[in-house]
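Read the structure below first, then the notes.
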Amino acid sequence: MDEKYFPESIEQKWQQHWEQTKAFQATDDDPRPKFYCLEMLPYPSGFLHMGHVRNYSIGDALAWYKRLQGFNVLHPIGWDSFGQPAEQAAIKRGVNPRDWTEENIALMRGQFKRLGISYDWSREIAAHRPDYYKWDQWFFLKMYERGLAYKKKSPVNWCPKESTVLSNEQSSGGVCWRCGAEVEKRDLEQWFLRITEYAGQLVDHIKQIESSWPEKVLKRQRDWVGRSEGAYIDFPVKNSDKKIRVFTTRIDTIFGATAIVLSAEHPLIDELLEASPLKDEVMAFARKVKSEKATRGRIVEEEEQKEGINTGVLALNSFSGESIPVWVANYVLLEYGTGAVMSVPAHDERDFEFAQKYSLPIRRVIERISHEQESIVHDPLSADQSIAMPHAFTDYGILVNSGDWSGKLSQDAIVEMAKYAAEHGFGEAAVTYRIRDWGVSRQRFWGAPVPIIYCEKCGMEAVPEKDLPVQLPDHAEFTGSGESPLAGVADFVNTTCPKCGGEAKRDTDTMDTFVDSSWYFFRYCDPKNDSAAFDPAVAKQWTPVDQYIGGDSHAVMHLIYTRFWTKFMRDIGLVSFDEPVKKLLTQGMVTNRVEGTDEWKAMSKSLGNGVDPDEMIAAFGADAARLFILFAAPVENELRWSETGIEGAVRFLRRVYTMVWRWHERLSNNAGVSPGQNSTGESNGESSAGARALRRKTHQTIAKVTSDFEELHLNTIVAALMELFNEFGDFNADPGTASAGDVFAVREALESLVLMLAPFSPHIAEEMWEKLGHKGGLLQSARWPQADPELARCEELEIPIQVNGKLRSRVLAAPEVTEAELRTAALNDEKIRSLIEGHEVVKVIVVPQRLVNVVLR
RNA sequence: GCCGGAGUGGCGAAAUUGGUAUACGCACCAGACUCAAAAUCUGGCGAGGUCAAACUCAUGUCGGUUCGAGUCCGACCUCCGGCACCA
């Protein structure tokens, strides 16, 4: 140890030590309680950015804390190494995606090690390696067996820039999640995973995690799954045996239905119009709507004009016995509900707008109810049913003009009318969901091949499990065109049928990379297993994940897929719980000013506002960089990068280091117990007031830091450590002359400080710990310090005295002072007495140990 | 439009959940050391007011509840996110 703080040599020394001693390897079958600390695995772009540094520093702080608390901590890392950038590099620069990926992984592994993140490197995984993606394929086949993976032709989201399909989650808002290009609709044969099968559970099981996942993530998931309770109602078509089924959440408004409106893509249109003279006109309209949709993708700048056409067909409302016209319109979605709605203009804004445009009747069937009087409040505008209202009335109320149902409350009618429809065979109560099945086919090379074979004789056949993995070929033509590069690799495509042995062809699509990340953290538990994705017994020791940390950008992608995957794994007996992640933290973005603007945006190479972690490490050290990034803001806030703050972190570390250097000789001569082992120990010596104050601050700090760690309030922990250190300034004892009692207090304070600093700046903590006389590294010898409430207690309290709620004075009091004593002390205070003079004391509020408020008139 | 979240010094932010507002750090100012600068150390630092104090005003705005409000209630303003014809 040098007298001066040189981060570089200290950090290298301990990184080597950790590597040689395999310090952070987790052991299975360990009697200690487990803690699974997980951060979202990175895509190996080749460079860590500051957002990564933040993410992994948070996770590492928690991993260190839990280790020092005596937990058996699993803290693994791996690579989300399939995906577009590798293929783009192949297209643009002709490199092999595998080599490119492996090189990037090597670069980033080096960066992680220079940061000193305490990973168990023996469990490292990478999605692009056959021993990993074999199990993607295995899971796919398990789903296929159960009908949860299926192929169908459907309009899908197509990113024109990347020439590939995107899932709904990846094209949310009508733009590609990766490149931001506007998404188009294309009709393609695609593989889907039946996530809709689990829609109900994805909503219901939120109960299990709602106190420990951020509300904003859960809200987005609830919205995305979009559970909606209502009813299906059949409308028989006149002069036909067909029925049109609609979905509605407002069956109570059905007497106000003045039309049925079909989506332009509705499959029934053809059949209904067979004999109609209007056929050509309607079909032309439907085609127009469809083509508009295809070119526009999902982007709707401002609300689109509603357009429709009357088909001339009539359908029967079984509740009212009335026949109403069937329309086709552009505002009805095929994908939701049944692709058809009953139009109730009086009570639905969209139907209202449509009805106004086409002069459809607007019939009011719900009146507002006044809760005070439990009576109907007549809206003068609707007294005459035929007069248009200014708006639709969309609230619940009381039914009117609804035959026998009139007079009922909406809430009751909704239940009873669905029941009635079911009993009479023209409907049923139903729950629908917004979420659609997960499209996983990608027309790309750099992913796990879909393990399916097409035989002319036998049709579609699953690759037998013994033939897995279906390996990616070494070479392919990367043209960037729409078809998968695999289609051009003859010895990949051409194979034999597993059933008949005849000539057959392989599926040439690969799977969405979100398949890889849906289950990767189970593989960490058993990463070398070559006969299963993981051994359920081993996984059971570690999972579910205790704390997961990552960005909230994956709220409806990765975080919903992985919940789905876990439920599937439960159903095939691999795990025994519903939810994979107990606690989720979504850390805020690290942003930087975009040069020449006032905008703060996430650091990125293309914006030119990135900060290279390696440069930070070189200039300030990994310890200071990590300390600063955790101190600068609460973990969930956006962090606006600034270089000036990091120097404060360096200064702090240097001051602590210098203090340890100043005392280490005296302390190691006087090698005592470490605070964790004997925090209440007698200080065997006289203790000065300064030493007592230092011990008090030490124990107060331990208590605060420990409780803040449970909530991951890392910024206030750092502040508390700085405060503890500042107490040394007030103490100011001389190592040469200090009494045994003073030395004890210093040892306790410094050792506690070093231990509590370890989660933030582990290298310097190790170095100082060694200097304080402990050999072998922190992890072997150290335990988190224990706060002693007795020592943390103040000897004297300063009690604020208020008059009429305004602070006027303070008195000193012992902590055990009684309410009456405090009251007397306050009233006898000179300052307070002079303020009371000439006034009547109405009452005196005494809050024990906190304050006194004298109320005057 | 709908649904969330947030507004506290020059800046990042604290505040044991209704009890001393601005902890900790950055920036800034002054002093010590130095021939000098940097580094380091010491002190100061919400606004007004005063030689100094007293005192007054301050947590987006306006009102309310309370002995007491950054915290609770009501209305509004602003910013940031998400969703967007979901029947």
Side-chain angles (χ1 to χ4, degrees), chain A residues 172-174 214-220 222-224 226-228 230 246-251 253 261 263 298-300 302-306 329-333 335-344 347-351 353-354 394 432-436 552-553 555-556 589 600 627-628 631-634 636-649 651-652 654-655 658 700 703-704 707-708 713 715-726 729 798-810 831 842-847 849-856:
Chain A
S172 176
E215 181 50 38
K216 66 177 168 183
V217 171
L218 296 179
K219 184 196 174 298
R220 285 184 62 187
R222 272 189 215 102
D223 288 353
W224 190 261
R227 185 192 149 93
S228 173
V246 305
F247 176 73
T248 179
T249 55
R250 292 298 303 274
I251 190 172
T253 65
V261 186
S263 156
R298 288 159 59 111
I299 288 208
V300 187
E302 51 201 80
E303 194 141 309
E304 198 188 335
Q305 272 294 315
K306 290 184 174 43
N330 63 347
Y331 76 98
V332 177
L333 305 173
E335 314 86 71
Y336 185 76
T338 61
V341 301
M342 62 179 202
S343 175
V344 185
H347 304 293
D348 180 281
E349 289 293 351
R350 296 151 304 183
D351 295 339
E353 192 189 323
F354 188 69
T394 56
T432 61
Y433 297 93
R434 251 182 74 155
I435 192 170
R436 305 266 65 90
D552 66 4
S553 57
V556 290
M589 282 197 302
W600 291 82
L627 183 69
F628 169 67
F631 174 56
E636 63 279 356
N637 281 23
E638 175 187 336
L639 183 100
R640 298 187 162 192
W641 186 255
S642 106
E643 299 265 313
T644 54
I646 194 169
E647 303 202 13
R651 268 199 288 271
F652 172 66
R654 194 182 301 141
R655 282 194 278 247
T658 305
Q700 287 172 344
K704 172 165 178 58
S707 79
D708 277 358
H713 292 159
N715 57 325
T716 55
I717 292 178
V718 178
L721 296 180
M722 288 171 168
E723 277 189 65
L724 172 57
F725 181 78
N726 290 344
E798 199 184 45
I799 305 289
I801 313 295
Q802 298 180 333
V803 174
N804 289 340
K806 283 193 188 331
L807 177 69
R808 295 299 174 185
S809 185
R810 300 166 211 270
K831 182 93 185 291
V842 180
K843 61 175 155 178
V844 180
I845 313 261
V846 180
V847 184
Q849 310 206 354
R850 298 232 56 129
L851 64 48
V852 179
N853 188 13
V854 181
V855 185
L856 301 181

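Being a predicted model, the structure only gives us computed values, none of them experimental. Lettering follows sequence order; numbering is per chain, from 1.
Rounded to an integer number of Å, the gap from CG of A/L807 to P of B/rG70 is 13 Å. The separation between A/I717 atom CD1 and B/rA13 atom C1' is 15 Å, rounded to whole Å. Across the protein-nucleic acid pair, A/I646 atom CD1 and B/rC24 atom P stand 22 Å apart, rounded to whole Å.
Distance noted for atom C1' between B/rG49 and B/rU61: 26 Å (whole Å). Atom name P, nucleotides B/rG63 and B/rG82: the rounded distance is 36 Å, in whole Å.
Here A/R227 lies out of heavy-atom contact (under 4.0 Å) with every strand. Using a 4.0 Å heavy-atom criterion, one finds that A/R436 contacts no nucleic acid atom at all. Base contact: A/N853 has a heavy atom under 4.0 Å from a base atom. Nucleic acid contact class of A/V332 (heavy atoms, under 4.0 Å, all strands): base. When heavy atoms are screened at a 4.0 angstrom cut-off, A/E647 is found touching no nucleic acid atom at all.
In this structure, A/S707 does not reach the B/rU16 phosphate: none of its side-chain N or O atoms is under 4.0 Å from OP1 or OP2. Residue A/R808 places at least one side-chain N or O closer than 4.0 Å to OP1 or OP2 of B/rC55. A sub-4.0 Å separation between OP1 or OP2 of B/rC3 and a side-chain N or O of A/R222 is absent. Distances shorter than 4.0 Å separate some side-chain N or O of A/R651 from OP1 or OP2 on B/rC26. OP1 or OP2 of B/rA13 lies within a sub-4.0 Å distance of a side-chain N or O belonging to A/N637. At the phosphate of B/rC41, OP1 or OP2 sits under 4.0 Å from a side-chain N or O atom of A/R655. The phosphate of B/rG5 (OP1 or OP2) has no side-chain N or O of A/K216 nearer than 4.0 angstrom. Under 4.0 angstrom from either OP1 or OP2 of B/rG25 there lies at least one side-chain N or O belonging to A/N726. Contact annotation: A/N715 reaches the phosphate of B/rA14 (side-chain N/O to OP1 or OP2, under 4.0 Å).
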**Asked** Can you give the dot-bracket line for RNA chain B, using ( ) for pairs inside the strand, [ ] for pairs that cross earlier ones, | for pairs with another strand and . for unpaired bases, where Watson-Crick and G-U count if both distances are under 3.5 Å?
**Response** (((((((..(((......[....))).(((((.......))))).(((......)))..(((((..]....))))))))))))....

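Annotation: cation-pi geometry satisfied between A/K306 and A/Y331 (NZ/CZ under 6.0 angstrom from ring centroid, within 45° of ring axis).
Proximity of a side-chain donor or acceptor of A/N853 to a complementary backbone N or O of A/V847 within less than 3.5 Å is not detected.
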